[in-house]
Amino acid sequence: MRANVEFDHATHVRFGPTGRAFIVFLANGETIRGFKMNKKDDAFVISAGHEDFPKHHKTTVINIGIAETGKFIMTASCDTTILIWNMKGGILANINTNQVANAYAGVSPCGRFVASCGFTPDVKIWEVCFGKSGEFREVSRAFELKGHSAGVCGFAFSNDSSRMATVSKDGTWKLWKTDVEYKKQQDPYLLYTGKWSGHEPCRIAMSPDGRVVAISSVCDITVYNAQTGEVEEEFKSVHGDTISDLAFDSNNRFLVSTGDRVIRVFHNTAGYKASIANMKDMFKKATNKGTKERLQQQIKDAQRALDAVYKQKKK
């Protein structure tokens, strides 16, 4: 399938929660354009929305996002601005991050939160609140991740938004538990701090199950076990140009990187290993015979899948 962006080109693209629509940010128009995919005669036809969103950002947009709930769209620019839009292009809220300059911003997988990091050594998270009938209410500060000693380059969420990983100019990456009762003033707490010796520009990604963290540094990628901090894989010069994005697939099987007009897909071997180790721990603690048999079979299946990946690698 192919969609033409007439008289312009896209710098960012995000699918909507249904998978039948997506938005792009236009480089020259400096705004959002929506596209729909409709089925016609056993084929999908892509059509652009009637009107682009109005232009509001005054500096370069660094990221866009759509809430999984389908209730709002986020755009963030490199100054200190984050805009929250409704799905029709109306502005719901204008957030000033007060971080001197935004380095990255994103929407949590659960669709409740918007987060940002930048020149300051913290990550700020806001909740985008809606009423019971779906009407927008407000954007309120939820919590902050504090502990780095220099600016934060990027962050990533686990699939259930209960964990976050951050990477900083101070040479460390950190894993946080964010499943907290922040409305009762409970703060997120630090689970692990790992060393990182890469260089900017960098990207960070966390596997959906929260067991693996990957960090790109210019053209290289390092993969860590999120529980032990150990380096599991190192991929050197995987792109001829700076890596522009890094992400895990929703099933924890693959890590994907983009750069120099190429998309590269890596087996998430660190994820297989972490899953096997977790199931072995569960097997030791299990007392029920049926549970033990089930875990034993799952361990065998996961090990077989991992062995198949390494066998393919040797070829």
Side-chain angles (χ1 to χ4, degrees), residues 1-78 81-95 102 104-116 128 130 134-136 139 156-157 159 203 205 208 241 243-251 254 256-265:
M1 298 174 66
R2 181 186 179 98
N4 290 322
V5 183
E6 294 184 358
F7 310 114
D8 212 323
H9 67 274
T11 58
H12 298 82
V13 59
R14 293 289 180 269
F15 270 104
T18 64
R20 294 292 184 92
F22 60 91
I23 59 170
V24 302
F25 191 81
L26 304 177
N28 299 325
E30 298 180 333
T31 187
I32 292 283
R33 178 175 294 173
F35 290 85
K36 289 184 178 180
M37 295 183 290
N38 299 307
K39 201 167 186 180
K40 185 177 181 182
D41 298 330
D42 294 326
F44 281 101
V45 177
I46 301 178
S47 56
H50 295 299
E51 290 185 11
D52 295 341
F53 281 23
K55 179 181 175 180
H56 276 282
H57 284 284
K58 297 177 181 178
T59 57
T60 303
V61 166
I62 57 173
N63 202 18
I64 65 175
I66 302 181
E68 179 63 26
T69 56
K71 291 181 178 179
F72 69 88
I73 289 170
M74 177 221 74
T75 56
S77 49
C78 63
T81 304
I82 295 177
L83 296 178
I84 305 298
W85 311 72
N86 63 27
M87 304 304 283
K88 294 182 178 179
I91 292 181
L92 300 175
N94 186 327
I95 302 170
N102 295 336
Y104 185 75
V107 181
S108 65
C110 65
R112 289 177 58 195
F113 304 107
V114 167
S116 76
V128 184
F130 290 83
E135 78 282 2
F136 172 74
V139 173
F157 290 91
N159 201 44
R203 292 277 185 169
D241 202 348
I243 293 171
S244 57
D245 212 347
L246 195 65
F248 286 89
D249 81 304
S250 59
N251 295 316
F254 303 108
V256 183
S257 64
T258 63
D260 60 17
R261 299 186 179 184
V262 173
I263 297 171
R264 300 202 186 278
V265 183

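Numbers for residues simply follow the sequence, beginning at 1.
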Side chain to side chain contact (heavy atoms under 4.5 Å, CB included) between T81 and N94: does it pass, once the steps are laid out? CA-CA 7 Å; T81 304; N94 186 327; 3.8 Å; yes
For F25 and I32: C-alpha separation, side-chain torsions, deciding distance, then whether side chain to side chain contact (heavy atoms under 4.5 Å, CB included) applies. CA-CA 5 Å; F25 191 81; I32 292 283; 4.0 Å; yes
Between I46 and F22, is the side chain to side chain contact (heavy atoms under 4.5 Å, CB included) condition met? List the steps. CA-CA 10 Å; I46 301 178; F22 60 91; 4.1 Å; yes
Evaluate F248 against N159 for side chain to side chain contact (heavy atoms under 4.5 Å, CB included), listing each step before the verdict. CA-CA 10 Å; F248 286 89; N159 201 44; over 6 Å; no
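Scanning all heavy atoms of the two residues, the minimum distance from S244 to G259 falls at OG-N, 4.0 Å. Between S77 and T59, the shortest heavy-atom contact is CB-OG1, 3.4 Å. Shown here for F157 and A115, the closest heavy-atom pair between the two residues is CZ-CB, 4.1 Å. Looking at every heavy atom in both residues, A27 comes nearest to T11 through CB-CG2, 3.7 Å. Contact between I243 and S257 at its shortest, heavy atoms only, is CG2-CB, 4.3 Å.
Side-chain atoms of T69 and P17, non-hydrogen and from C-beta on, never get closer than 4.5 Å to each other. Side-chain contact between V139 and V114 is absent, with no heavy-atom pair separated by less than 4.5 Å.
The distance from atom CD of E30 to atom OG1 of T60, rounded to the nearest 0.5 Å, is 7.5 Å. Rounding to the nearest 0.5 Å gives a distance of 9.5 Å between CD of E68 and OG1 of T18. Here N38 contributes atom CG and F44 contributes atom CZ; the two are 9.0 Å apart, rounded to the nearest 0.5 Å. To the nearest 0.5 angstrom, M74 atom CE is 9.5 Å from L83 atom CG. Within the model, atoms NE2 of H57 and CD1 of I82 stand 9.0 Å from one another, a figure rounded to the nearest 0.5 Å.
Between F130 and F136, the ring planes lie perpendicular to each other; the angle is over 60°, past the 30° to 60° tilted range.
A donor-acceptor distance shorter than 3.5 angstrom exists from the side chain of T258 to the backbone of D245, with no hydrogens or angles considered. For N63 (side chain) and Y104 (main-chain N/O), no donor-acceptor pair under 3.5 Å exists by modelled atom type. Side chain of R14 to backbone of I64: a donor-acceptor contact under 3.5 angstrom is found. T31 places a side-chain N or O within 3.5 Å of a backbone atom of F53 that can act as its donor or acceptor partner. No donor-acceptor pair closer than 3.5 Å links the side chain of R33 to the backbone N or O of G49.
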Side chains of residues 84-92: which donor-acceptor partners sit under 3.5 Å, not counting sequence neighbours?
| from | atom 1 | to | atom 2 | distance (Å) |
| --- | --- | --- | --- | --- |
| W85 | NE1 | T75 | OG1 | 2.9 |
| N86 | OD1 | K88 | N | 2.9 |
| N86 | OD1 | G89 | N | 3.0 |
| N86 | OD1 | G90 | N | 2.7 |

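Of the candidates V5, I23, V24, V24 is the only one forming a side-chain contact (heavy atoms from CB on, under 4.5 Å) with V13.
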